[in-house]
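What follows is one structure encoded as structure tokens, with my remarks underneath.
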Number of protein chains: 2
Amino acid sequence: MNKKRTTLKDIANVLSISTAAVSKALNDDTRISVKTKKAVRQVAKELNYQPNHLASALRKGKSKLVGVIVPRTNSHFFSSVVESMEGVLNKAGYNIIITQSNESFEKECNNIDTLLYLQVDGIIASMANETVDLSYYEKIKSNGIPLILFDRGENDLNVDYVGINDYDSSHMIIAHLVAQGCKRIAHIGGYRRTRIFNNRIRGYIDAIKKHDLPHDDELLIESSLTLEDGRQQIEKLLALKNRPDAVYVASDYAALGALQVLKEKNIKVPEEIKLVGFGNEPFTSLVTPSITSISQHSDKIGKLAAETFLGYVDQDVIVQSLNKIILDSELIVRSSSE
Amino acid sequence: MNKKRTTLKDIANVLSISTAAVSKALNDDTRISVKTKKAVRQVAKELNYQPNHLASALRKGKSKLVGVIVPRTNSHFFSSVVESMEGVLNKAGYNIIITQSNESFEKECNNIDTLLYLQVDGIIASMANETVDLSYYEKIKSNGIPLILFDRGENDLNVDYVGINDYDSSHMIIAHLVAQGCKRIAHIGGYRRTRIFNNRIRGYIDAIKKHDLPHDDELLIESSLTLEDGRQQIEKLLALKNRPDAVYVASDYAALGALQVLKEKNIKVPEEIKLVGFGNEPFTSLVTPSITSISQHSDKIGKLAAETFLGYVDQDVIVQSLNKIILDSELIVRSSSE
DNA sequence: TATATTTGTTTAATCGATTAACCAAAAGTA
DNA sequence: TACTTTTGGTTAATCGATTAAACAAATATA
């Protein structure tokens with residue numbers, strides 16, 4: 001089996017011209033005659049020539065690779081974002097390398113090292129829940145390549161960001177629940193140290209006040225928002241003397257956990273307790289009752305993040321000017337709340 | 001902002017030694033003194049040296065990159081396989097590049113081109129449903145790098161394969177349904193041209209015969225197995241004069257579609273019709289009733305595929321000897337069938 | 001006719017790390 | 001002492017593609 005791949009030199013030898021001419025011919029340089037170009041392309045095809053990306057990337061100083069870091073690909077939101085990013089970047093001649101942190105800070109650091117090692121031209125990331133130490137992200141910046149964050153960002157890091165308006169989303173949810181007649185609305189949220197969860201909590205608190213509802217400390221819970229977490233936290237809420245009549249959960253997965261417990265306990269949703277999730281994961285429309293949720297426009301987020309990256313490349317000196325894009329979200333009302 | 005990255009030369013200059021010495025020191029060559037090694041590592045750290053993967057890969061002729069092609073990452077099965085593959089490969093010093101075909105033949109060809117262009121050291125793939133033309137896969141083989149298929153393979157292609165025993169899985173399902181008292185079992189399967197779906201269909205037919213059940217042509221349907229497809233095909237089965245009392249669907253997504261329709265029509269599952277899916281996607285345990293399904297041991301598949309790949313590298317001449325690994329699957333019985 | 005310009009290509013350097021081949025100095029051995 | 005071996009490097013070529021600079025030949029211009 002022929003392990004050697006065809007190189008420019010092979011083509012050059014066949015035609016008895018220099019490799020430079022071959023390179024230029026393939027890159028459609030104006031200084032090469034049409035005749036030569038045709039001949040080169042012909043031979044390239046015959047020899048099944050496959051350009052060596054490593055060599056050209058090394059020479060040009062650009063790998064045409066974009067690194068992507070997501071908490072996990074196995075989430076509809078993230079995989080959709082990645083898909084739409086990929087579309088935009090592919091068109092611009094970039095390939096993407098997807099890595100997952102699995103919400104682990106350590107893995108995230110490894111991912112960053114790997115991507116820098118692969119000489120990516122930029123990194124688009126959504127931070128792990130665990131991440132509080134930003135030194136690794138600073139490392140990216142000091143490497144001189146663009147860094148764009150989406151969904152899970154950080155104010156302290158002076159970089160571009162694309163995400164939805166979490167604060168307003170909470171307002172939309174509370175307004176909807178109030179319209180449905182709810183008087184005691186609980187919130188199972190994420191940890192405040194994560195910007196997006198903090199914003200959802202702030203939105204919840206402000207909206208509750210705005211509607212003159214009781215702001216009860218026991219109705220606000222911080223958790224890591226896994227499915228199992230949702231199960232545990234709803235139990236706490238159900239154990240209260242004065243039960244809530246609605247629960248707004250900051251993640252669909254945790255909302256699903258809560259729903260499971262409610263069903264197991266034969267508590268009717270939405271009649272006895274109304275439930276709202278966040279993220280519009282596909283299963284929210286599949287379970288019974290279907291879960292009201294917030295759609296985050298994953299396709300738009302991916303597209304904008306990719307375009308923001310493209311705006312930076314080809315600039316000689318990277319000037320990371322803060323460029324925060326905040327999209328409006330959309331409330332998808334389903335059976336669990338009406 | 002400092003856009004220039006530290007190179008071996010920079011370190012060499014600081015210490016007034018040759019770049020060769022620096023390279024050897026960092027690679028722990030025996031011919032370099034401990035003193036020099038220490039000094040080099042020290043300076044490398046101070047200058048925040050990041051080796052240039054492109055350069056070393058070019059020189060060594062190995063990119064230490066493995067290309068992965070899956071129909072989509074947004075499926076629990078595939079993302080789990082990828083995750084476990086990644087674990088094994090990372091440990092061996094390889095990074096992976098994940099690409100998705102979205103079940104499109106055209107996208108799959110593009111992915112293959114991209115991966116070859118990036119000089120990956122091997123490709124691990126699961127074929128798109130659409131794919132029947134194998135010339136692009138032949139291209140990988142003629143490139144001299146190992147190709148390993150998993151789940152969606154092809155007999156005609158003379159390469160390694162890791163998957164589960166689809167034929168036996170069908171037998172397990174039918175045996176289970178028969179034990180539950182079912183007499184008319186339908187099968188909503190995939191297209192026969194895809195090996196795994198063909199095997200599931202063969203298993204279904206043989207198992208039906210084995211249990212002396214009526215083998216009725218109208219009970220066997222071929223489809224593309226999307227959720228929407230599941231909805232449409234179950235409608236057909238319900239329209240039959242002689243309805244089935246159980247339906248075995250070759251994909252969880254289509255099974256979910258079928259379940260939705262059954263619920264909408266107030267047909268009780270499992271009392272009136274029993275339902276079995278395939279793949280053990282997480283939602284099968286989340287919906288009501290939970291769906292009986294087949295677990296494919298995604299972690300094992302990923303691990304084995306990765307290890308098969310590792311078995312090939314470091315060999316000078318690739319001898320692709322057929323190496324088919326068929327794992328046993330596991331039936332997870334849930335409410336939809338008992 | 002003499003000079004300038006254009007066309008089409010070659011030469012050679014380069015990207016950064018690796019490595020075969022070579023070499024000087026120190027240490028060991030007969 | 002004279003020769004061999006070991007130690008700790010250095011030099012220079014290399015991977016394959018790109019590109020600045022050079023250049024010969026053809027064509028245009030004065």
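Bear in mind the structure is a predicted one, so any value in this text is a computation, not a measurement. To find a chain, count down the sequence lines: A is the first, B the second, and so on, and within it residues start at 1.
Under 4.0 angstrom from either OP1 or OP2 of dT9(C) there lies at least one side-chain N or O belonging to Thr36(A). Contact annotation: Ser33(B) side-chain N/O to dT7(D) OP1/OP2 distance is not under 4.0 Å.
A heavy-atom distance below 4.5 Å is not found between the side chains of Val70(A) and Val81(A). With contacts defined as side-chain heavy-atom distances shorter than 4.5 Å, the pair Leu115(A)/Ile69(A) qualifies. Contact of the Thr131(B) side chain with the Tyr136(B) side chain is not registered, since no non-hydrogen atoms from C-beta on lie closer than 4.5 Å.
Below 30°, between 30° and 60°, or above 60°: for Phe309(B) and Tyr94(B) the angle between ring planes is above 60°, a perpendicular geometry.
The nearest pair of heavy atoms linking Leu54(B) to Leu58(A) is CD1-N, 4.0 Å. Contact between Ile32(B) and Thr36(B) at its shortest, heavy atoms only, is CG2-CB, 3.8 Å. Nearest heavy-atom pair across Lys107(A) and Asn102(A) is NZ-ND2, 3.8 Å.
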Below 3.5 Å between N/O atoms, which protein atoms pair up with nucleotides 22-27 of chain D? Just atom names and distances, please.
none

Return the polar atom pairs (N/O with N/O) between nucleotides 16-20 of chain C and the protein under 3.5 Å, or none.
from    : atom 1 : to       : atom 2 : distance (Å)
dG16(C) : N2     : Ala55(B) : O      : 3.1
dA17(C) : OP1    : Tyr49(B) : OH     : 2.5
dA17(C) : OP1    : Asn52(B) : N      : 3.4
dA17(C) : OP2    : Leu8(B)  : N      : 2.5
dT18(C) : OP2    : Ser23(B) : OG     : 3.0
dT18(C) : OP2    : Asn27(B) : ND2    : 3.2
dT18(C) : O2     : Arg59(B) : NH1    : 2.1

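Checked by atom type, the side-chain pair Asp160(B)/Tyr312(B) shows a donor-acceptor distance below 3.5 Å.
Rounded to whole angstrom, the span from the NZ atom of Lys38(A) across to the P atom of dG8(C) amounts to 15 Å. The separation between Lys62(A) atom NZ and dT14(C) atom C1' is 17 Å, rounded to whole Å.
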